[in-house]
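For ligands, and for the atoms within them, numbers begin at 1 and follow the listed sequence.
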Amino acid sequence: MRCPFCRNDDSRVVDSREADEGQAIRRRRSCTACGKRFTTVEEAVLAVVKRSGVTEPFSRDKVVRGVARACQGRPVDPDALALLAHQVEETVRASGTAEVPSHEVGMAILGPLRELDAVAYLRFASVYRNFSCVADFEAEIADLRGRLAAEPEDQGTEHESV
Ligand SMILES: [Zn+2]
C-alpha cells in the first residue's frame with residue numbers, strides 16, 4: 001500500500017480495529033518515509049453473480065432501491081429499508097461463500113420484507129418469483145394469512161413466559 005502523500009511503498013500499522021460490526025478491518029498506518037498517517041480498510045469482497053453470469057459487488061443501496069420500488073405508496077420509512085438491506089447483507093454473508101447468485105439475494109430479501117409490509121412483499125414476490133397467474137397470488141396470500149393468524153398465539157405464549 002503506497003503512502004498517499006509521498007508514494008513510498010512501505011508503511012507501518014499503528015492501529016487495527018474492527019469496523020462495520022466485524023465485517024471490515026480499519027488500519028491506521030504510518031509511512032516509514034514521511035511519517036504521515038493514513039487509513040486503510042480491508043473487507044472481504046462479496047460478489048453477486050447475475051443470471052447473465054456477470055459478477056458485481058454486493059450493494060446495500062441496490063437492495064434498498066429494489067425494495068423501495070415495491071414499497072411505493074406504502075408506509076415504510078427509509079430507516080426500515082436501510083435495516084432490511086443490512087439484514088439481507090448479513091444473511092448473504094452468513095452463507096459463507098464469496099460469490100452469491102443474485103437469486104439468493106432475492107431470497108434473502110423476501111423474509112424481512114414480509115415482516116415489514118405484506119403488500120410490498122406481494123409486489124416484490126410477484127416479480128421476483130415470477131407469479132404467472134392469480135392462483136400464485138392466492139396461494140401466497142393464504143400463506144400470509146396463515147402467518148398473521150399464528151401471530152397472536154405467539155405473543156400469548158411470550159406473555160405467559162414473562
Ligand atoms: Zn509517505
A.B. asks: Please give me the protein atoms (N, O or S only) lying under 2.8 Å from the Zn ion (ligand 1), ordered by chain and number.
C.D. replies: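 Less than 2.8 Å away from the Zn ion (ligand 1) sit C3 SG, C6 SG, C31 SG, C34 SG.
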A.B. asks: CZ/R17 to CD1/I25 distance, rounded to the nearest 0.5 angstrom?
C.D. replies: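 Here the interatomic distance stands at 11.5 Å.
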A.B. asks: Calculate, to the nearest 0.5 Å, the distance between atoms CZ and SG belonging to F38 and C31 respectively.
C.D. replies: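 Result: 6.5 Å between the selected atoms.
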A.B. asks: Could you tell me which residues satisfy side-chain hydrogen bond (donor to acceptor under 3.5 Å, both in side chains) with S102, sequence neighbours excluded, listed by chain and number?
C.D. replies: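 Expected list: none.
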A.B. asks: Can you check whether P57 reaches L46 side chain to side chain, under 4.5 Å on heavy atoms?
C.D. replies: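 The answer is no; the side chains never approach within 4.5 Å.
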A.B. asks: Would you call E56 and K62 a salt bridge, taking side-chain N to carboxylate O under 4.0 Å as the test?
C.D. replies: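 Salt bridge between E56 and K62, a charged N being under 4.0 Å from a carboxylate O: yes.
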A.B. asks: So, do Y121 and E115 sit near enough that their side-chain heavy atoms are less than 4.5 Å apart?
C.D. replies: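 The answer is no; the side chains never approach within 4.5 Å.
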